[in-house]
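Taking it in order: structure first as structure tokens, then the write-up.
Below, all heavy atoms of this structure are taken into account, side chains as well, without hydrogens, waters or symmetry copies. Predicted model, so just to flag it, every value in this text is computed and none were measured.
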Amino acid sequence: MPVQGLPSVSITPMRELLRGFCRFNSSGRWLSRQRRDPYTREAKVQELRSRAAFKLIEIDEQFRLFRAGQRVLDLGFAPGAWSQVAHQRTQPGGKVMGVDVLPCKPPTGVSSIQANVLSRKTHELVRLYFSRHFQLNMHDELHKKHGYFQHMLEERLEELQKDNSFQPLYGMADPVHEHPLDVVLSDMYEPWPQVTGFWNNFTNAAYSRMANTSGVAVKDHYMSMDLCDAALLCAIALLRPGGSFVCKLYTGKEDQLLERRLRKVFTKVRRFKPEACRSESKELYFVGLDKRKDIDKVAVFTQ
């Protein structure tokens with residue numbers, strides 16, 4: 001209630017001022033940390049898209065994931081640092097494809113689509129890209145609606161599906177291989193800071209629903225578990241027997257649940273925290289090596 005004789009003053013502007021100060025203070029701490037961080041500085045020197053590249057470099061040096069000529073799928077690839085590393089380490093002859101719910105122009109030599117990793121159509125597009133039935137147009141521009149070259153890939157898929165001699169997409173004498181990938185990577189969690197290109201081909205507002213670290217350890221853990229499960233389903237569907245898998249997890253009480261699932265799919269499963277991870281971070285990487293044959297997807301997710 002206003003005091004008699006004094007003008008009425010709303011506290012709303014003061015609340016907004018305080019909120020702005022908190023946001024500024026938080027941003028200032030983040031910027032200060034980035035300036036001091038040696039991996040951030042080195043990423044700029046080497047023209048890598050983010051410091052996350054050094055995490056994958058450490059993982060590869062520890063577990064020898066990459067070889068020349070491999071086919072690699074990078075889930076949640078934006079801004080593209082992991083795709084850069086994968087491309088460099090699978091040359092000559094390697095092919096890398098990124099998948100993300102947001103449109104993002106991929107690094108030179110890498111291709112990408114904007115898609116949901118759990119969609120059956122996405123799996124078919126990935127299979128088609130890594131087959132001889134699709135020849136990549138090397139025009140490096142992000143399509144204004146569908147993401148990099150996605151319209152070309154979808155048109156080719158429609159053409160092949162109309163050809164009765166090509167049904168189904170795999171299981172034929174001249175197939176699009178059911179399990180075309182050598183390595184599946186997933187660093188899904190942190191969203192790419194989108195400025196333009198807010199169009200998306202989903203109806204569920206992908207960007208506003210994007211999982212992002214909240215600072216609440218339990219929440220971050222469970223959200224990362226969902227993304228690891230999505231990546232594992234993708235690996236079961238697309239990764240060849242003997243292939244390798246990497247996914248990021250924020251640690252919590254269900255770590256062992258995910259590890260049990262991974263052991264049903266891979267003969268070797270390792271936990272690894274690269275030195276490039278910040279010491280205060282709860283992130284951890286699971287590495288699955290030597291994928292088993294004839295995986296029963298239902299059995300993997302049934303306790």
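- Inter-residue side-chain proximity for Q84 and V110 is flagged as unmet; no heavy-atom pair is nearer than 4.5 Å.
- By the 4.5 Å heavy-atom criterion applied to side chains, R89 and E61 are counted as neighbours.
- Expressed to the nearest 0.5 Å, how far NE2 of H123 lies from CG of L118 amounts to 6.5 Å.
- Within the model, atoms CG of L262 and OG1 of T267 stand 12.0 Å from one another, a figure rounded to the nearest 0.5 Å.
- The closest side-chain heavy-atom distance from R240 to H177 is not below 4.5 Å.
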Using residues 226-238 as the side-chain source, report each donor-acceptor pair under 3.5 Å to any protein atom, sequence neighbours left out, with the distance given to one decimal.
from: D229; atom 1: OD1; to: R261; atom 2: NH1; distance (Å): 2.8
from: D229; atom 1: OD2; to: R261; atom 2: NH1; distance (Å): 2.8

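- E283 places no side-chain N or O within donor-acceptor distance of the main-chain N or O of Y250, the cut-off being under 3.5 Å.
- Without hydrogens or angle criteria, R49 side chain to P79 main chain gives a donor-acceptor distance under 3.5 Å.
- Side chains of M97 and P180 form no contact here, defined as non-hydrogen atoms less than 4.5 Å apart.
- Inter-residue side-chain proximity for E58 and F272 is flagged as met; some heavy-atom pair is nearer than 4.5 Å.
- Between V287 and L65, the closest side-chain pair of non-hydrogen atoms falls below 4.5 Å.
- Under the 4.0 Å criterion applied to side-chain N and carboxylate O atoms, E124 and K121 are not assigned as salt-bridge partners.
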**Study point:** Steps toward side chain to side chain contact (heavy atoms under 4.5 Å, CB included) verdict (L73, V126)
**Key:** CA-CA 8 Å; L73 185 67; V126 172; 4.1 Å; yes

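- Side chain of K95 to backbone of Y129: a donor-acceptor contact under 3.5 angstrom is found.
- Using modelled atom types, no side-chain atom of E259 and backbone atom of R271 make a donor-acceptor pair closer than 3.5 Å.
- The side-chain hydrogen bond (donor to acceptor under 3.5 Å, both in side chains) contacts involving residues 64-80 comprise R71-D182, D74-S83, where partners must be two or more places apart or lie in separate chains.
- A donor-acceptor pair under 3.5 Å is formed between the side chain of R127 and the backbone N or O of E178.
- Applying the 6.0 Å contact sphere to CD of E47 captures no more than 12 heavy atoms from other residues, nucleotides or ligands.
- If you take CZ on F286 and CG on L258, they are separated by 5.0 Å, rounding to the nearest 0.5 Å.
- Proximity of a side-chain donor or acceptor of S244 to a complementary backbone N or O of V183 within less than 3.5 Å is not detected.
- Classification of D187 and K55 as a salt-bridged pair fails, no side-chain N sitting under 4.0 Å from a carboxylate O.
- A donor-acceptor contact shorter than 3.5 Å links the side chain of R292 to the backbone of R263.
- Among the candidates F66, Y285, F54, F77, the single residue satisfying the ring-ring contact (aromatic ring centres under 6.0 Å, His included) test with W82 is Y285.
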